[in-house]
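Whatever order the structure lists ligands and atoms in, that order sets their numbers, starting from 1.
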Amino acid sequence: MQEQYSPSEIEAAAQADWDNANAFKVTETPDQDTYYCLSMFPYPSGKLHMGHVRNYTIGDVIARYQRMQGKNVLQPMGWDAFGMPAENAAMNNKVAPAAWTYSNIDYMRTQLKSLGLAIDWTREIATCKPDYYRWEQWLFTRLFEKGIIYRKNGTVNWDPVDQTVLANEQVIDGKGWRSGAVIEKREIPMYYFAITNYADELLSSLDELTGWPEQVKTMQRNWIGKSTGMEVQFPYDSASIGHDGTLKVFTTRPDTLMGATYVAVAAEHPLASQAAEGNAELQAFIDECKRGGVAEADIATQEKKGLPTPLYVLHPLTGEKLPVWVANYVLMGYGEGAVMAVPAHDERDFAFASKYSLPIKPVIRTSAGDQTPEPWQDAYGEKGELINSEEFDGLDYDSAFTAIGEVLKQKGLGEPRTQFRLRDWGISRQRYWGCPIPIIHCDSCGDVPVPDDQLPVVLPEDVIPDGAGSPLAKMPEFYECTCPKCGAAAKRETDTMDTFVESSWYYARYASPQYDQGMVDPAAANHWLPVDQYIGGIEHAILHLLYARFFHKLMRDEGLVNSNEPFKNLLTQGMVLADTYFRLEANGSKTWYNPADVDIERDGKGKIIAATLRSDGQPVEIGGTEKMSKSKNNGVDPQAMIDQYGADTCRLFMMFASPPDMSLEWSDSGVEGAQRFLRRVWRLSQQHHAKGPAAKADLSSLSDDQKAVRRAIHLAIKQASQDIGQHHKFNTAIAAVMTLMNVLEKAPQDAEQDRALLQEGLETVALVLAPIAPHISHSLWQSLGHSDAIIDARWPQVDESALVQDSLQLVIQVNGKLRGHIEVAADASRELIEATARDNENVLRFTEGLTIRKVIVVPGKLVNIVAN
Ligand code: ANZ
Ligand code: ZN
C-alpha cells in the first residue's frame, strides 16, 4: 500500500481486478433475489457530460448497495445509437453516420469504464445494430398485421431545417425541439402506433406505480388527458350549407348547451374549406392558421382570431340558427375539430365573442351571480344550477348532463363520450440514420409487411447524407425489391422509425441481449423484469416513459413479458448547474466564457463578487448559476475532472453535494473537499496498516472512551443504512462517515483494544463508502487484511448493544435559557432526572427567590425549569 493517496494507480488496479474476475457479469440464478438497476442509456454524442456522470453514478451506487444486500444485481449499459446528430455530424465532416457513431461509442465506453461502474458489459447493446433493430422490425410487422400499426395521411409538423416530421411533443413553442426552426404543417402518408387503444390502461395502471414520483405520474395523466363529456350534433341549415348533414362537436359541458350562441370550426375542417371557396380573405386566414404549429400550448396562448362564414347550423334543442365561424383556437386534431361556443362560461369563447360582438348568454348560476359582464372571471367557468335553460332550469351539472343527454339521444343528436388528449404516435421519419420500416409497397398487394425470414431490413452503413431529403429514397439498390406476396417488382419503404421506438424496449432486450430467436427470451425477461430501479432525467418524464410503458404492454400482449409495467421505481435526478460568465458584445449578443477560464473573487459568505477572464485579465459579467449547457458554455468536462482527481473523488463530490433528485451546483472547492476527505481516509488506514494486523476487540472490557468510539461506528452504520436504503440520501450517509472519521482520527491508536476498534471503524468506513467510492474502498479492504473483494462483502450490520449509552448528558435550561449540563444514567427515571436538575448549582443560582412552576423533561435531551 502506498503512503500517498494515488487515485490513478488505485483505480486502475481495482478496475483490473474487477475485469479479471468478471465481477459484474450476471446470469439468472433462481434462488437469489434479483435486482435490476437501470440508468437511461446515453445517445453516443461524442463524450460524456456531467449529467451522464451524475446519472450513472447514482445508478451505480444503488446497484453496488443492492449487491451488498446479497442481491443478484443486473446493471447493463448500451447506446441509443440512431438519430439526427449523427447525420448532421456526417454532413459536416463527410464521415458516414455509422462510423461516427461507432467511434463515439468506443470513446464513451472508455469514459464510462474509467468511472468504475459495476456494469455487465457482456450485455452491451447498440440500437443501430441489425441484431437489435431486427426485432423491432419483427414487432412492427406483427403489430401491422394486428392493426395496431396503420398507415394514413396525417397533418404533421414539418421541420424545414431538419427536413423531417416531428411529433407534437417535439414541437416546443411552435419550434422544432432540436433545430429551433419555426414548424410548418404538411400532409403526408405516415405510419402510426395506435397508442390511443391503450390510453385507458396507460392511465389506470399509473396507480400501480407507487415507486414513481407523484409529479411524473401527474405529467403522464395530463398528457393522456382523459375528458368525459358528450358528442353533440348540430344539424346543418341546408339553405346556407347546400345539403343535409350535422356538425359534430365534443363538449365537456353539455349542461351549457342552451348557452351556445355560435359554433367554431378549425381551419382544416371541411366546413371551413367549403366556406373558403371563392372567398380569398377566408382562404388567406385558413392558410395563415395552417402555417402555425399543431402543438396545443401555442394555440392556448396565441391571440384568438377568426372569420365568419355564410354558413349556419341549427341548435339541436331549440332549432335556432347559429353562425359558423372559423377560429384559430379550435384544433383539428382534438375532439371533432369543432366546438359549440358558450361565451358566458368558456374563457376562450368569451374572449372571441367579446372581440367579434357575438351574443353572450349566461345559463349557469355561478358564485359570480347570474350575469357574466366583462372582464372574464374564473367563476364564470364554475359548474352550478342551470338558468335560462327552459325545462332544464334548476338542475345541477350531473342531472343536467343526464337530462340533456336523454333528449339528445332521443333526437339522435348526441351521446356521452370519453375523449383523450393523447394522439396516435406517428413514427415515420424521412431520415436515413434510423431503423428501416419493414414494409414493401406493391401495386397489386398494397402495403406488405416484410416476412420474418427476410428480416432484418438492413440499413446500409456506408452512406453520407447530403442534407437534401432521405438518402434511402435515392438508392434503388435499397428500395428496389420484389413483393413477398406476388413476386412482382415492388418498392421498399424508405422512411425510418422515430428513434423513440428503439428506446421503448431496450430495457427488456438487456435481459437476453444476444437472443436470436425473438425480441426477448421470455424466461430471461420475466426473470429480470420489471426494472427495480430506473434512473434518468426529468426531461423524459412524459414521452420516453409513456412510450416504454406502451411497449411493455404491447410485448405483454405478444406473450413476451408477464408484467404490466416496465419500471417499478423511478428516480428522476436533478440537473447539474454551474456558474456562468459572459461579455456583452457591441451587437447586443453575449459571449459566454467557460468557468475554467475565469478567475473569481468571493466575499466572506462565498458569494462571487468579481470575475476576470484569465487570458486577458479583463472583467467578465457574472451570469448566475444555470444548468450546464453548450449554449451557456458552462459545462465542466468530466474527463478533465477524472484525470485530475480520479473517479472516486468525482463520484463522492456528486453524491455528497445534494440528494439525487435535487439540482447539484458544481463547485471546485467541493471537489477539492471530497479529495481531501479521501486522503484523510487513506492516511488513517495507512497509519493503521503500518502497525500490523489488529486483533478483535474484547467487548466486555471496553473503557467508557472506547465504548464511545464503538458507539460512533454503529451510529454511522445506522444512519447510512437508513439514508441509503430507505431514501437514496447518499449525501447524509456520507456525512455520517465523515463524522465517524473525525472520531476515529482523534481516538488513541496504540493499545490493542484501540487498534481493534480502529480496525472495526475503518472497515465500516470502507464498507459504507464502497458503493460511492468503490476503488479506494477496494484497496482499503485489502489493506485491512481481507482476501475477499469488498464488492462481495455484505453491508455492515448495526450492533444495537453498541448504541446503548450508560449515561447521558442533558441540557439544563431555566426559563428557556441554557444554564448548564447534567450527567444522568441512561435509564434514569423522570423523577430522578428532575431531582438532579433541581439540585444543580446553576439551577439553584438562577431560581433563587423564584418559585419553580413547572419542570419539562425531554428524554435524552434537556430539562427546562419554568420559574417566576
Ligand atoms: C362547450 C363548453 C362550455 C366547453 C363551457 C367548455 C366550457 P377538455 O376538458 O380539454 O377535453 N373543445 C372541444 N374540441 C375542441 C377543439 N378541437 N379545439 C379547441 N377546443 C375544443 O376540453 C373540452 C372542451 O374544449 C370542450 O367543452 C370544448 O368547449 C372545447 F362552459 O364545449 B366546451
Ligand atoms: Zn404483390
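From the protein, the heavy atom lying nearest to atom 30 (C) of ligand 1 is R348 NH2, 3.4 Å. Considering only non-hydrogen protein atoms, atom 1 (C) of ligand 1 sits nearest to T251 OG1, 3.1 Å. At the top of the distance list for atom 15 (C) of ligand 1, counting protein heavy atoms only, stands V339 CG1, 3.4 Å. Nearest protein neighbour of atom 5 (C) of ligand 1, counting heavy atoms only, is R253 CG, 3.6 Å. Y329 O, 3.4 Å is the protein heavy atom nearest to atom 19 (C) of ligand 1. Protein heavy atom closest to atom 26 (C) of ligand 1, with residue, atom name and distance, is F250 O, 3.5 Å. For atom 18 (N) of ligand 1, the closest non-hydrogen atom of the protein is L331 N, 2.9 Å. Annotation: atom 10 (O) of ligand 1 to nearest protein heavy atom, R421 NH2, 2.4 Å.
In this structure, M340 counts as a contact residue of ligand 1, since one of its heavy atoms falls inside 4.0 Å of the ligand. G335 does not count as a contact of ligand 1, since none of its heavy atoms falls under 4.0 Å from the ligand.
Partner of W425 under the ring pair (Phe, Tyr, Trp, His ring centres under 6.0 Å) criterion, chosen from F500, Y150, Y192, F193: F193.
Heavy-atom proximity to H345, at under 4.0 Å, picks out these atoms of ligand 1: 5 (C), 31 (F). In summary, the atoms of ligand 1 found under 4.0 Å from a heavy atom of V330, numbered by their order in the structure, are 16 (C), 17 (N), 18 (N), 19 (C). Of all the atoms in ligand 1, the ones that sit under 4.0 Å from a non-hydrogen atom of Y334 are 8 (P), 10 (O), 11 (O), 14 (N), 15 (C), 16 (C), 17 (N). Taking every heavy atom of D346 and a limit of under 4.0 angstrom, the matching atoms of ligand 1 come to 4 (C), 5 (C), 6 (C), 7 (C), 31 (F).
Taking the six-membered ring for Trp, Y547 and F551 have ring centres at least 6.0 Å apart.
By the criterion of a separation under 2.8 Å, the protein N/O/S atoms near the Zn ion (ligand 2) amount to C442 SG, C445 SG, C483 SG, C486 SG.
In this structure a side-chain-to-backbone donor-acceptor pair under 3.5 Å is missing from D498 to V501. Looking only at distances, a side-chain donor or acceptor of Q274 sits under 3.5 Å from a matching main-chain atom of I241. Listed for the Q302 side chain is a donor-acceptor partner under 3.5 Å among the backbone atoms of N328. A side-chain donor-acceptor contact under 3.5 Å links Y133 to the backbone of L459. Panel note: side chain T218, backbone E214; a donor-acceptor pair is recorded below 3.5 Å.
Inclusion of S227 in the set of residues having an N or O under 3.5 Å from an N or O of ligand 1 is warranted. For ligand 1, the polar-atom distance check against T256 finds no nitrogen or oxygen pair separated by under 3.5 Å.
A side-chain donor-acceptor contact under 3.5 Å links D287 and Q283. Side-chain polar atoms of Y380 and D346 form no donor-acceptor pair below 3.5 angstrom.
A distance of 7.5 Å separates OG1 in T318 from CD in E390, rounded to the nearest 0.5 Å. Atom OH of residue Y191 and atom NZ of residue K152 lie 14.5 Å apart, to the nearest 0.5 angstrom.
A salt bridge does not link K491 to E480: none of the charged nitrogens lies less than 4.0 Å from a carboxylate oxygen. Ion pairing between a basic and an acidic side chain is recognised when a charged N comes within 4.0 Å of a carboxylate O; R417 and E336 show such pairing.
Ring geometry for F140 against F144 counts as parallel: the plane angle stays under 30°, on a 0 to 90° scale with 60° as the upper cut.
Of all the heavy atoms of V342, the ones lying under 4.0 Å from any atom of ligand 1 belong exclusively to the side chain.
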